[in-house]
Amino acid sequence: MAAPIAAETAAALIAKADAALAQADRGLAASAGGDAERRLAALDRAKTAAEQALAAMRAGLREAASREAQLSEGAEAARDGSQLALALLAARARAPLAAQAAQPAGPLAAARGAWLTAALGPGRAAQAGDLAAAADDARRAEGQARRAWARMRAAREDLDDARRPIAAAARRNPDVALTFAPPRLREARAALEAFAEAAARAAAAGPDPAPSAPPPRGFVPGALPLPAPGRILARYGEFDAFGQRNEGLEIGAPEWARPRSPFLASVRYAGPIGGRRLGVALEPAPGRLLILAGLAAITVEAGEVVRAGQPVGQLAVIDAVGEEFLVEAPAEGGALSRAMLYVEVREDGAPVPPANWFALPQGRAGTP
């Protein structure tokens, strides 16, 4: 199995974004006395820096969500262990004395086993409480980080608002002199600083869970499950009836299927996708996107962090007029496909073969 993609930590990305914002802020101040084109260039650099900061913040939100999930799963595992110890003690107490002493290593070993079981119960319960409290702390820090991300997004929109009249002026006369009060990036940098503090609190929350509570599934290329069960109707690189090259997969799925995220990811976009009804774009790592389209309803929002296995929407049911589709695309278990999911993967903005990410069946068989 391929190893997960190594990526820069959110802290490193945040540090780079802060430096870019500081440089962009100086550029905006210096452009105040220049012509429209110079001011426009400064605003574009500032917008790029804000986009870089938003990307760093998305990575931080994914790390915070992963930490909170790991702590929650560790608390659940510790609670299960505590309840098992109590159940064993209760069963031992109900057993006859002869049965309690019947241990292959002798009565002394049986007594030691009972003592260890009694000692484990409260310890595991205390560990579960500590991990649950830490998960709450991480969840609160994640909420603060999300609010800081919203502030950064608002700052980027302010840059868009400032850019429009300058761009219009540059189109009319690049050399025109305008009164220009360049927007300062203090709010953007303050939002990034608040985000960094919240993300650090989330990362440092609580003790490390036991090894039995692994971190949530991340981005493992070539080994991911497909987002929905069904039969592959069209593969990457094939041409459709109109001569258009397919940039993703088309999966005939049963109408009850709810596409799920195969990994922990940020929702970059949720809404209409031209020609394919509704869709979502999921970002598991910087520069990587998974697009799922063909949905009738969406259950996530842009900016949200979704967990591995979390549903993102409901597939749109295909009308009965497509009878040839229904006949040719039996879903798993022999049921006829009544919906179609479009799956596209992108790296650095360009479509790539989905086989780079997903464990695909050979031919046009159903998903494993």
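What's counted below: heavy atoms across the whole structure, side chains too, no hydrogens, waters or symmetry copies.
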K.L.:
Without swapping roles, check the side chain of T299 against the backbone of V312 for a donor-acceptor pair under 3.5 Å.
P.N.:
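Present.
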K.L.:
Examine L278 and V300 and state if one hydrophobic cluster contains both, with Ile, Leu, Val, Met, Phe, Trp and Tyr joined whenever side-chain heavy atoms are less than 4.5 Å apart.
P.N.:
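Yes, L278 connects to V300 through the hydrophobic network.
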K.L.:
Could you check if a side-chain atom of V345 sits within less than 4.5 angstrom of a side-chain atom of N356, using non-hydrogen atoms only?
P.N.:
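Of all side-chain heavy-atom pairs linking N356 with V345, none is under 4.5 Å.
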K.L.:
Is the closest side-chain heavy-atom distance between P311 and R260 below 4.5 Å?
P.N.:
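In contact.
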K.L.:
Give a yes or no on whether Q23 atom CD has more than 12 heavy-atom contacts from other residues, nucleotides or ligands under 6.0 Å away.
P.N.:
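Check fails, neighbour count at 12 or below.
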K.L.:
Applying side chain to side chain contact (heavy atoms under 4.5 Å, CB included), name anything that partners D348, two or more places apart in sequence or on another chain.
P.N.:
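None.
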K.L.:
Might you point out which heavy atoms bring A339 and L315 nearest each other, and give the distance in Å?
P.N.:
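Reported closest heavy-atom pair: CB-CB, 3.7 Å.
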K.L.:
If hydrophobic clusters are built by linking Ile, Leu, Val, Met, Phe, Trp and Tyr wherever their side-chain heavy atoms come under 4.5 Å apart, do Y236 and I273 end up in the same one?
P.N.:
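In one cluster: no.
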K.L.:
Over all heavy atoms of both residues, which pair between V305 and A65 is shortest? Give the atoms and the distance, please.
P.N.:
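Closest pair (atom of V305, atom of A65, distance): CG1-CB, 3.6 Å.
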K.L.:
How close do D25 and R186 get, heavy atom to heavy atom, and via which atoms?
P.N.:
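Residues D25 and R186, closest heavy atoms: OD2-N, 4.5 Å.
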K.L.:
Go through the steps to decide whether Y342 and N246 satisfy the test side chain to side chain contact (heavy atoms under 4.5 Å, CB included), and finish with yes or no.
P.N.:
CA-CA 10 Å; Y342 177 73; N246 197 8; 3.6 Å; yes
K.L.:
When rounded to the nearest 0.5 angstrom, what distance separates CG in L264 from OG in S66?
P.N.:
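Atom-to-atom, L264:CG and S66:OG are 6.0 Å apart.
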K.L.:
Mind checking the CD-CZ spacing from Q310 to F263? Nearest 0.5 Å is all I need.
P.N.:
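So the CD of Q310 and the CZ of F263 are separated by 12.5 Å.
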K.L.:
If you measure from CG on L28 to CZ on R39, what distance do you get to the nearest 0.5 Å?
P.N.:
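Reported value, rounded in 0.5 Å steps: 12.0 Å.
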K.L.:
Give, for atom CZ of R276 and atom CG of L295, the distance between the pair rounded to the nearest 0.5 Å.
P.N.:
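Here the rounded value is 11.5 Å.
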K.L.:
In Å and rounded to the nearest 0.5 Å, what is the CZ to CG distance from R164 to L40?
P.N.:
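R164 atom CZ to L40 atom CG measures 12.5 Å (nearest 0.5 Å).
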K.L.:
Write down the atom of A148, the atom of A191, and the distance for their closest heavy-atom approach.
P.N.:
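Closest approach of A148 to A191, heavy atoms only: CB-O, 3.5 Å.
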K.L.:
Going by side chain to side chain contact (heavy atoms under 4.5 Å, CB included), name the residues that satisfy it together with R201, two or more places apart in sequence or in a different chain.
P.N.:
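Result, side chain to side chain contact (heavy atoms under 4.5 Å, CB included) vs R201: A141, Q144, E197, A198.
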K.L.:
Hey, any chance V352 and L289 share a hydrophobic cluster, counting ILVMFWY side chains that come within less than 4.5 Å of each other, even indirectly?
P.N.:
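Looking at the clustering, L289 is in a separate group from V352.
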K.L.:
So do W357 and E347 actually touch side chain to side chain, heavy atoms under 4.5 Å?
P.N.:
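Yes, close enough: below the 4.5 Å cut-off.
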K.L.:
Is E142 reaching over with its side chain to a backbone N or O of E68, donor-acceptor style, under 3.5 angstrom?
P.N.:
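No, because the side chain of E142 does not come within donor-acceptor range (under 3.5 Å) of the backbone of E68.
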K.L.:
Treating Ile, Leu, Val, Met, Phe, Trp and Tyr as nodes and any side-chain heavy-atom pair under 4.5 angstrom as an edge, say whether L159 and M152 lie in one connected cluster.
P.N.:
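The answer is yes; both residues are in one hydrophobic cluster.
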K.L.:
Taking all non-hydrogen atoms of both residues, which atom of V280 and which atom of A270 are closest, and how far apart?
P.N.:
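The answer is CG1-CB, 4.1 Å.
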K.L.:
Answer yes or no: is there a side-chain heavy-atom contact under 4.5 Å between L360 and L249?
P.N.:
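Heavy-atom side-chain distance check passes, below 4.5 Å.
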K.L.:
On a heavy-atom basis, which atom in G303 and which in W149 lie closest, and how many Å separate them?
P.N.:
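Looking at all heavy atoms of both residues, the shortest contact is CA-CH2, 3.5 Å.
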K.L.:
Should the pair R146 and F195 be classed as cation-pi, given the thresholds of under 6.0 Å to the six-membered ring centre and 45° from the axis?
P.N.:
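Output no; distance or angle outside limits.
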K.L.:
Could you check whether any side-chain N or O of R235 sits under 3.5 Å from a backbone N or O of P354, counting only pairs where one atom can act as donor and the other as acceptor?
P.N.:
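No; judged by distance alone, with no hydrogens or angles, the pair does not exist.
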K.L.:
Is there a path of hydrophobic side-chain contacts, each under 4.5 Å between heavy atoms of I, L, V, M, F, W or Y residues, that connects L292 with I232?
P.N.:
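Shared cluster, yes.
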K.L.:
With respect to S266, which candidate in R58, E304, R62 satisfies the side chain to side chain donor-acceptor pair (under 3.5 Å) definition?
P.N.:
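Option passing the side chain to side chain donor-acceptor pair (under 3.5 Å) with S266: R62.
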K.L.:
Return all side-chain donor-acceptor pairs below 3.5 angstrom for residues 45-57, not counting sequence neighbours, or 'none' if the list is empty.
P.N.:
| residue | atom | partner | partner atom | Å |
| --- | --- | --- | --- | --- |
| K47 | NZ | D160 | OD1 | 3.0 |
| T48 | OG1 | D44 | O | 3.0 |
| E51 | OE2 | R156 | NH1 | 3.2 |

K.L.:
Is there a side-chain contact between M340 and R277 in this structure, where contact means two heavy atoms from C-beta onward sitting under 4.5 Å apart?
P.N.:
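A side-chain contact under 4.5 Å is absent here.
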K.L.:
What distance do E283 atom CD and R268 atom CZ have between them, rounded to the nearest 0.5 Å?
P.N.:
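The CZ atom of R268 is 5.0 Å from CD of E283, to the nearest 0.5 Å.
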